[in-house]
Amino acid sequence: MISVLRRISASASASASTSRFLNLMSSSPPPPPPPSQRLAALAQQLRLYKPPPPDSEDAEEERIEEAAGKVVSQVGFPESATPIAGDPGRFTPKRAAVLICLFEGDDGELRVVLTKRSSRLSTHSGEVSLPGGKAEEGDKDDGDTATREANEEIGLDPSLVNVVTVLEPFLSKHLLRVIPVIGILTDKKAFKPIPNPAEVEAVFDAPLEMFIKDENRRDEEREWLGNKYIIHFFDYEVGNKKYLIWGLTAGILIRAASVVYERPPAFLEQSPKFRVPRMVNEDTVMP
């Protein structure tokens, strides 16, 4: 009789343990899905990416300009790889980073996460931009800056983003050095956008390839310090909302799409180099 009771007790204990284990398993979140073959291949491709070095003429011009106390840069376009001295009298732009967060859409195309800035912001209000912002002292690198800012602006958990490479720096119209950081979002369903109302009005996504196609695009020729250049404008509509993607954001996405798809855009970029004045301040703005 005692032996039978012991077996019943042992069986009940094992059943309870199994029940607790099953309850624990059911309450744990499912593991993220593995990256698709395309995303895995893209990550490998981008990890090998190296920004192109300046050509010999560029390098010589940089040496001449540096000796003259100037810096050759591209304003609103990829910045030349120019050494910038620590002399406070010379041009020393502040650093920022933006996140080019790519994921695979339902139809298999690569898409990029974008934001529409709040109309209450003092600069670039109501414009479409990539999530990002200025570097802070605690940031380890540009990837850290970009993912931290994306988390603050749209609630994108940095752990969901696999940072794979950075592109060459750009200069904004306010002469801020902007580093584009490319990250891959494997589990799109895990990302539930939470826009920060103080900074972001809307979060949406667009196909990356549109930025190297000559469709829904127009441009304007402008001039700064005697140099002509082209500003690109892309019209994009999703649902019943229309967005205009232009300027620095368009320039960065043109370069990102060119790198990802390994082909140039189907239109003329015309991004000439500009001489940045020796002395600049917070009021120095590109038109």
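FYI, the numbering just counts along the sequence from 1.
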Close side-chain approach of [X] to [Y], heavy-atom, < 4.5 Å:
X	Y	answer
Leu244	Val128	no
Pro265	Phe211	no
Ile254	Phe267	yes
Phe103	Ile184	no

Rounded distance (nearest 0.5 Å) linking atom [atom1] of [X] with atom [atom2] of [Y]:
X	Y	atom1	atom2	value
Asp142	Arg177	CG	CZ	10.0 Å
Glu221	Lys228	CD	NZ	5.0 Å
Thr147	Leu156	OG1	CG	8.5 Å
Arg222	Tyr229	CZ	OH	5.5 Å
Phe234	Ile245	CZ	CD1	8.0 Å
Ile100	Leu208	CD1	CG	8.0 Å

Item checked: side chain to side chain contact (heavy atoms under 4.5 Å, CB included) assessment of Leu167 paired with Ile179 -> CA-CA 7 Å; Leu167 303 181; Ile179 313 297; over 6 Å; no
Examine distances only and state if a side-chain atom of [X] and a backbone atom of [Y] form a donor-acceptor pair shorter than 3.5 Å.
X	Y	value
Glu127	Gly247	no
Asp139	Asp141	no
Arg38	Gly108	yes
Gln45	Val260	yes

- Query: Can you name the side chain to side chain donor-acceptor pair (under 3.5 Å) partners of Arg47, sequence neighbours left out?
  - Reply: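 Here no residue qualifies.
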- Kindly indicate, with the supporting measurements, whether the criterion side chain to side chain contact (heavy atoms under 4.5 Å, CB included) is fulfilled by Leu102 and Leu42. CA-CA 10 Å; Leu102 304 178; Leu42 177 62; 4.2 Å; yes
Taking all atoms of both residues into account, what is the closest heavy-atom pair of [X] and [Y], and its distance?
X	Y	answer
Thr145	Gly133	CG2-O, 3.5 Å
Pro193	Phe191	CD-O, 3.5 Å
Leu176	Lys94	CD1-O, 3.2 Å
Val113	Pro131	O-CD, 3.8 Å
Phe233	Trp246	CD2-CB, 3.4 Å
Leu39	Leu185	CD1-O, 4.3 Å

Check your understanding: Would the number of heavy atoms belonging to other residues, nucleotides or ligands and lying under 6.0 Å from CG of Asp107 be above 12?
Key -> yes
_More than 12 heavy atoms of other residues, nucleotides or ligands under 6.0 Å from CD of Glu237: yes or no?_
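Enclosed.
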Side chain to side chain contact (heavy atoms under 4.5 Å, CB included), that's the test. Do Leu253 and Leu114 meet it? Break it down for me. CA-CA 11 Å; Leu253 290 171; Leu114 294 165; 3.9 Å; yes
Arg148 with Glu136: basic N within carboxylate O range, under 4.0 Å =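 A salt bridge links Arg148 with Glu136.
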> In terms of side-chain geometry, is the basic nitrogen of Lys116 or Glu201 positioned less than 4.0 Å from the acidic oxygen of its partner?
Replying inline: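 Result for this pair is yes, salt bridge flagged.
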**Message:** With clusters defined by side-chain heavy atoms of hydrophobic residues (ILVMFWY) lying less than 4.5 Å apart, directly or transitively, does Tyr261 cluster with Val164?
**Reply:**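 Looking at the clustering, Tyr261 is in the same group as Val164.
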Going only through I, L, V, M, F, W and Y residues with side-chain contacts under 4.5 Å, is there a path from Val238 to Val112?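 Yes; tracing contacts between hydrophobic side chains, which count when under 4.5 Å, links both residues.
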* **side chain to side chain donor-acceptor pair (under 3.5 Å): pairs with one or both residues in residues 202-218, sequence neighbours excluded** =>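 For residues 202-218, and leaving out neighbouring residues, the side chain to side chain donor-acceptor pair (under 3.5 Å) pairs sorted by first residue read Arg111-Asp205, Glu209-Arg263, Asp214-Arg217, Arg217-Asp219, Arg217-His232, Arg218-Asp235.
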Strictly by modelled atom types, are Ser129 and Thr249 linked by a side-chain donor-acceptor pair under 3.5 Å?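 Judged by distance alone, the side chains do not pair up.
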Item to complete: May I ask you to check whether Glu104 and Ser36 show a side-chain donor-acceptor distance below 3.5 Å?
Response: yes
- Query: Run the side chain to side chain contact (heavy atoms under 4.5 Å, CB included) check on Val181 and Val98 step by step: do they pass?
  - Reply: CA-CA 6 Å; Val181 175; Val98 293; over 6 Å; no
query = What residues, two or more places apart in sequence or in another chain, satisfy salt bridge (charged side-chain N to carboxylate O under 4.0 Å, His left out) together with Asp157?
reply =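 Counting only residues at least two positions away or on another chain, Asp157 forms no salt bridge (charged side-chain N to carboxylate O under 4.0 Å, His left out).
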| task | Kindly indicate, with the supporting measurements, whether the criterion salt bridge (charged side-chain N to carboxylate O under 4.0 Å, His left out) is fulfilled by Lys134 and Glu149. | result | CA-CA 8 Å; Lys134 293 180 181 178; Glu149 286 284 342; over 6 Å; no
